[in-house]
**Q** 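After the structure tokens below, expect a handful of questions from me.
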Amino acid sequence: MPTSRLPRKDPRTVARDIPGVLDVLFPRLTGGLVSSLNGRMFTFEGIEPVPQALIEKSQLQNAMVFQLSVARAEELLRGDEFPDWDECLRTAAQRQRHHYDARIPDALELWDTEIAEHAARNLVAMLASVQAQRPGAVLEHAPLIPGLGWVASGNGDFALGATLIEIKHTDRNFGSGDLRQVLMYWLLKYARSIETQGDVWSEVLLLNPRRNAALLVDYEYLLRSASAHSNRVELVELLRSALSQEGDRR
């Protein structure tokens with residue numbers, strides 16, 4: 001089947017569901033590297049994690065809670081102090097329907113909204129703290145992730161100047177899948193920048209408002225550490241080759 005006729009998948013799905021595409025590029029993205037990076041995690045002052053006892057009351061998928069909290073955070077960023085949970089649910093459901101395993105609730109329980117509100121306010125506070133350290137930088141919501149070959153374009157969570165910001169909502173440390181995802185985003189952005197001479201992100205900030213956990217990683221360090229010391233151009237060419245080979249198998 002010609003590559004142009006393959007079903008196109010967004011970058012997040014490719015990084016999550018087809019890890020082999022990036023395993024070729026980043027053979028050193030192993031548990032040791034991930035553990036080393038997680039040793040640099042930090043927290044924000046004045047922010048409390050979402051109580052585990054509250055989370056255990058919810059029957060929602062973690063991904064749905066995440067989408068609800070982000071939708072509510074978007075309201076707060078627009079200055080809407082009073083939540084419109086029906087609208088938040090519609091937004092979250094629309095985003096979750098892109099995933100085959102999504103379970104959309106008919107209604108929200110009180111503890112569902114309490115969790116989402118807590119996580120949303122944590123996220124807004126985290127973003128405000130980061131932005132205060134980068135005066136003049138504009139917070140961008142849903143930055144474009146360019147497509148390449150049969151990989152469709154998509155959107156990240158946030159960007160602040162040269163910093164890509166990716167949000168997670170789990171009970172664990174950041175994992176290899178999270179790093180694989182943001183590496184994929186960077187490679188697609190860089191591949192497009194070669195054509196347009198545009199800017200690329202120099203660092204990535206992973207935020208987990210559920211746990212009040214954060215990790216800031218320099219992209220050059222991450223690329224060099226996770227790959228076999230390939231340079232930027234070599235990595236993009238390896239990505240093109242890996243996508244082509246994957247396309248031949250599809």
**Q** Is the backbone N or O of W201 less than 3.5 Å from a side-chain atom of W186, with the two atoms forming a donor-acceptor pair by type?
**A**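 It does hold such a pair.
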
**Q** Is any side-chain heavy atom of V65 closer than 4.5 Å to one of S58?
**A**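 The answer is yes; the side chains approach within 4.5 Å.
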
**Q** How far apart are the C-alpha atoms of L188 and L239, what are their side-chain angles, what is the distance that settles it, and do they pass the side-chain contact (heavy atoms from CB on, under 4.5 Å) test?
**A** CA-CA 9 Å; L188 293 171; L239 176 61; 4.2 Å; yes

**Q** So which of E234, R224, R28 actually passes side-chain hydrogen bond (donor to acceptor under 3.5 Å, both in side chains) with H229?
**A**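 Only one option passes, and that is R28.
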
**Q** Checking N212 side chain against T43 main chain: does a donor-acceptor pair fall under 3.5 Å?
**A**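 Flag not set: sc N212 to bb T43 has no pair under 3.5 Å.
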
**Q** Scan side-chain atoms only and decide if N38 and S35 contain a donor-acceptor pair under the 3.5 Å cut-off.
**A**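 No.
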
**Q** Would you mind listing every salt bridge (Lys or Arg N to Asp or Glu O under 4.0 Å) that reaches into residues 116-132, with sequence neighbours excluded?
**A**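 For residues 116-132: R72-E117, E81-R121, E117-R121.
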
**Q** With salt bridge (charged side-chain N to carboxylate O under 4.0 Å, His left out) as the test, would you mind laying out the steps for K168 and D157 before giving the verdict?
**A** CA-CA 10 Å; K168 299 299 174 184; D157 292 327; over 6 Å; no

**Q** So, does D80 use its side chain to make a donor-acceptor pair with the main chain of F82 at under 3.5 Å?
**A**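 Side chain of D80 to backbone of F82, a donor-acceptor pair under 3.5 Å: no, none is there.
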
**Q** Can you check whether P209 reaches H118 side chain to side chain, under 4.5 Å on heavy atoms?
**A**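 They are not in contact (no side-chain heavy atoms under 4.5 Å apart), so the answer is no.
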
**Q** Verify side-chain contact (heavy atoms from CB on, under 4.5 Å) between R232 and L235, making sure each step is shown before the conclusion.
**A** CA-CA 5 Å; R232 295 180 173 199; L235 286 170; 5.8 Å; no

**Q** Honestly curious: do L77 and L207 fall in one hydrophobic cluster under the side-chain, below-4.5 Å linking rule?
**A**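 Same cluster.
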
**Q** Is it true that I145 and L222 fall in one hydrophobic cluster, defined by side-chain heavy atoms closer than 4.5 Å?
**A**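 Yes, I145 and L222 fall within the same hydrophobic cluster.
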
**Q** When rounded to the nearest 0.5 angstrom, what is the spacing between CG in L223 and CG in L187?
**A**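 CG of L187 is found 6.5 Å from CG of L223.
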
**Q** With clusters defined by side-chain heavy atoms of hydrophobic residues (ILVMFWY) lying less than 4.5 Å apart, directly or transitively, does L25 cluster with V182?
**A**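 Yes, V182 connects to L25 through the hydrophobic network.
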
**Q** Which atom names give the shortest non-hydrogen contact between G147 and R192, and what distance separates them?
**A**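 Minimum heavy-atom contact is O-NH2, 3.8 Å.
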
**Q** Quick one: does F66's side chain get under 4.5 Å of L60's, heavy atoms only?
**A**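 A side-chain contact under 4.5 Å is absent here.
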
**Q** Closest heavy-atom contact between A93 and I104?
**A**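 Minimum heavy-atom separation between A93 and I104: CB-CG2, 3.6 Å.
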
**Q** State whether the number of non-hydrogen atoms from other residues, nucleotides or ligands found under 6.0 Å of N155 atom CG is greater than 12.
**A**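 Yes.
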
**Q** When you check the side-chain N and O atoms of R211 and N173, is any donor under 3.5 Å from an acceptor?
**A**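 The criterion, which ignores hydrogens and geometry beyond distance, is satisfied for N173 and R211.
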
**Q** Specify whether F44 and F42 have parallel, tilted or perpendicular ring planes, treating 30° as the upper limit for parallel and 60° as the lower limit for perpendicular.
**A**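 Tilted, since the angle between the ring planes falls between 30° and 60°.
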
**Q** Has Q52 got more than 12 heavy atoms of other residues, nucleotides or ligands less than 6.0 Å from its CD?
**A**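 More than 12 heavy atoms, drawn from other residues, nucleotides or ligands, come within 6.0 Å of this atom.
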
**Q** Look only at the side chain of S244 and the backbone of R240, and say whether a donor-acceptor pair between them is shorter than 3.5 Å.
**A**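 Not confirmed, S244 side chain does not pair with R240 backbone.
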
**Q** Run the side-chain contact (heavy atoms from CB on, under 4.5 Å) test on S202 and T163 for me, step by step, so that the C-alpha distance in whole Å, both residues' side-chain angles and the decisive distance to 0.1 Å come before the verdict.
**A** CA-CA 6 Å; S202 61; T163 303; 5.5 Å; no

**Q** I want to check something: taking the side chain as every heavy atom from C-beta on, are L123 and I167 in contact at a cut-off of under 4.5 Å?
**A**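 Yes, at least one pair of side-chain atoms sits under 4.5 Å.
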
**Q** Salt-bridged, E48 to R210, with N to O below 4.0 Å?
**A**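 Salt bridge absent between E48 and R210.
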
**Q** Does L179 reach the side chain of L206, with side-chain heavy atoms less than 4.5 Å apart?
**A**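 The answer is yes, as the side chains (C-beta and beyond) meet within the 4.5 Å cut-off.
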
**Q** How close do A119 and S69 get, counting heavy atoms only, and between which atoms?
**A**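 Closest approach of A119 to S69: CB-CB, 3.7 Å.
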
**Q** Are the side chain of T113 and the backbone N or O of L110 linked by a donor-acceptor pair below 3.5 Å?
**A**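 The answer is yes, because a donor-acceptor pair under 3.5 Å joins these two groups.
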
**Q** If only atom types and distance count, is the side chain of H169 paired as donor or acceptor with the main-chain N or O of Q67 below 3.5 Å?
**A**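 No, H169 side chain to Q67 backbone: no donor-acceptor pair under 3.5 Å.
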
**Q** Determine the minimum heavy-atom distance between A15 and M184, stating which atoms define it.
**A**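 Distance-wise, the nearest heavy atoms are CB-CB, 4.2 Å.
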
**Q** According to a 4.5 Å side-chain heavy-atom criterion applied to Ile, Leu, Val, Met, Phe, Trp and Tyr, with indirect links allowed, do V34 and L216 form part of one hydrophobic cluster?
**A**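 No.
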
**Q** Do any N or O atoms from the side chain of S241 and from the backbone of L238 form a donor-acceptor pair under 3.5 angstrom?
**A**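 Not a single qualifying donor-acceptor pair exists.
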
**Q** Is the shortest heavy-atom distance from the side chain of L108 to the side chain of L68 under 4.5 Å?
**A**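 Of all side-chain heavy-atom pairs linking L68 with L108, at least one is under 4.5 Å.
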
**Q** Show the nearest heavy-atom pair for residues P49 and N122, with the distance to one decimal.
**A**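 Where P49 meets N122 most closely, the heavy atoms are CA-ND2, 4.3 Å.
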
**Q** Can you tell me if W111 uses its side chain to pair, donor with acceptor, with the backbone of K57 under 3.5 Å?
**A**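 Here the side-chain-to-backbone pair exists.
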
**Q** With heavy-atom distances below 4.5 Å as the criterion, would you say the side chains of S193 and D199 are in contact?
**A**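 SC-SC contact between S193 and D199 ruled out.
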
**Q** What heavy-atom pair brings A71 and C88 nearest, and what distance separates the two atoms?
**A**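 Distance-wise, the nearest heavy atoms are CB-O, 3.9 Å.
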
**Q** Cation over ring, K9 on W150, under 6.0 Å and within 45°?
**A**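 No; the conditions do not both hold, so K9 does not lie above the ring face of W150.
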
**Q** Would you say L164 and L139 are hydrophobically clustered, going by side-chain heavy atoms of ILVMFWY under 4.5 Å?
**A**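 No, separate clusters.
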
**Q** Please check if the side chain of N208 supplies one atom and the backbone of T170 the other of a donor-acceptor pair under 3.5 Å.
**A**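 Checked: pair present.
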
**Q** Less than 4.5 Å apart, side chain to side chain, heavy atoms only: is that true for L29 and L183?
**A**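 In short, these two side chains touch, coming nearer than 4.5 Å.
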
**Q** Look at the side chain of Y185 and the backbone N and O of R180, then say whether any donor-acceptor pair between them is shorter than 3.5 Å.
**A**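 Not a single qualifying donor-acceptor pair exists.
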
